[in-house]
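The first residue of the sequence shown is numbered 1, and numbering continues consecutively from there. From a predicted model like this one, the values you see are computed outputs, not experimental measurements. Both ligands and their constituent atoms are indexed starting at 1 by order of listing.
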Amino acid sequence: MVARLIDGKALAAQLRAGVAEDAARFRERHHRAAGLHVVLVGEDPASVIYTRNKEKAAAKVGIAGQLHRLPEDVSEAALLEQVGALNADDAVDGLLVQLPLPDHIDPNRVVDAISPSKDVDGFHPMNTGLLSTGRPGLVACTPRGIMHLIAQTGLDLKGARAVIVGRSNIVGKPMAQLLLAQHATVTLCHSRTRDLPAVCRDADLLVVAVGQAQMVKGDWIKPGAVVIDVGTNRLEGRKLVGDVDTESAKEHAGWITPVPGGVGPMTITCLLENTLIAARRRLADLD
Ligand code: NAP
């Protein structure tokens, strides 16, 4: 079997066109663009790139993206003050503070300070709680993007065996909740899981988010399974690879996401979608 690729880049482009239409309608109704505000502390090179990409992607769909840069040695109190000011600003619909933060700042305190109605990363405990109780809130972007990718394959999640490797708060845990809500039977694995290859071999859907280059091999995959590779790892020589050994996995899987061009483009797309959802909910502008 040779797996079909799930083209995240093409799907992201298609969804962004829809977001641009929604953003234009919002501008027409409210005489201003929806606003996505990103706070970046320090100069971490990866974070600088991520935040610039978010600002650019917002501009392309007609969302007003604004980056607020604070120095590496900013105090936690000053950062919380900035978050408070953006919470109170009516032109700010979506707000996120780029993680990781310098060691002297407690990320939980910062995430907790963001207004849940503007929390477009979906990390606030109010939003994670709403997700786990099956109520509407703002949902983390990467798992939301993955649900769009799974839909492309036509896999019926009802009763399907879904295995997620990685239990982070930003990917694994919200992913489990979203799949559970679609009636999949979900197993959430981590570094202490016994005989991980055997658990993976049972999966109709395998989502891998561990941050270990090419860890999941082809013979861990049930023939015909849908494989979502969340990992982004740079090999020496700068090549970007996922957490799945794509070449051997393609021989077993039915569908697989490439790295790059799979999950990555969907994450920012869902951030844009979340910004419009937040904007419209705050203004009770729902069709
Ligand atoms: P994380 O917070 O570092 O968590 C990694 C998870 O993997 C943990 O639950 C850990 O288990 C588990 N793990 C690590 N080694 C393992 C092993 N050998 N066997 C089984 N489980 C293992 O990771 P994350 O933030 O979710 O990110 C994971 C990867 O996805 C990274 O490569 C990241 O760059 C990528 N990512 C990509 C996007 C995107 O948009 N493309 C978005 C988010 C993340 P324990 O809990 O037991 O330690």
Could you pull out, from [options], the option with a heavy atom nearest to [atom]?
atom                    : options                        : result
atom 43 (C) of ligand 1 : Val171, Asn169, Leu271, Asp229 : Val171
atom 28 (C) of ligand 1 : Pro143, Ala209, Pro260         : Ala209
atom 25 (O) of ligand 1 : Ile170, Leu196, Ile146         : Ile170

Are any of the side-chain nitrogens in [X] or [Y] under 4.0 Å away from the carboxylate oxygens of its partner?
X      : Y      : value
Glu273 : Arg16  : no
Arg161 : Asp204 : no
Arg280 : Asp93  : no
Asp22  : Arg25  : yes

Subject >> ligand 1 contact by Met215, heavy-atom criterion under 4.0 angstrom >> reply: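 Distance cut 4.0 Å: Met215 passes for ligand 1.
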
**OP:** May I ask whether Thr193 places a heavy atom under 4.0 Å from ligand 1?
**Re:**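 The answer is no, since Thr193 has no heavy atom less than 4.0 Å from ligand 1.
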
Find all atoms of ligand 1 within a distance of less than 4.0 Å from any non-hydrogen atom belonging to [X], and give their numbers and elements.
X      : result
Gly211 : 28 (C), 29 (C), 31 (C), 32 (O)
Thr267 : 39 (C), 40 (O)
Arg192 : 47 (O)

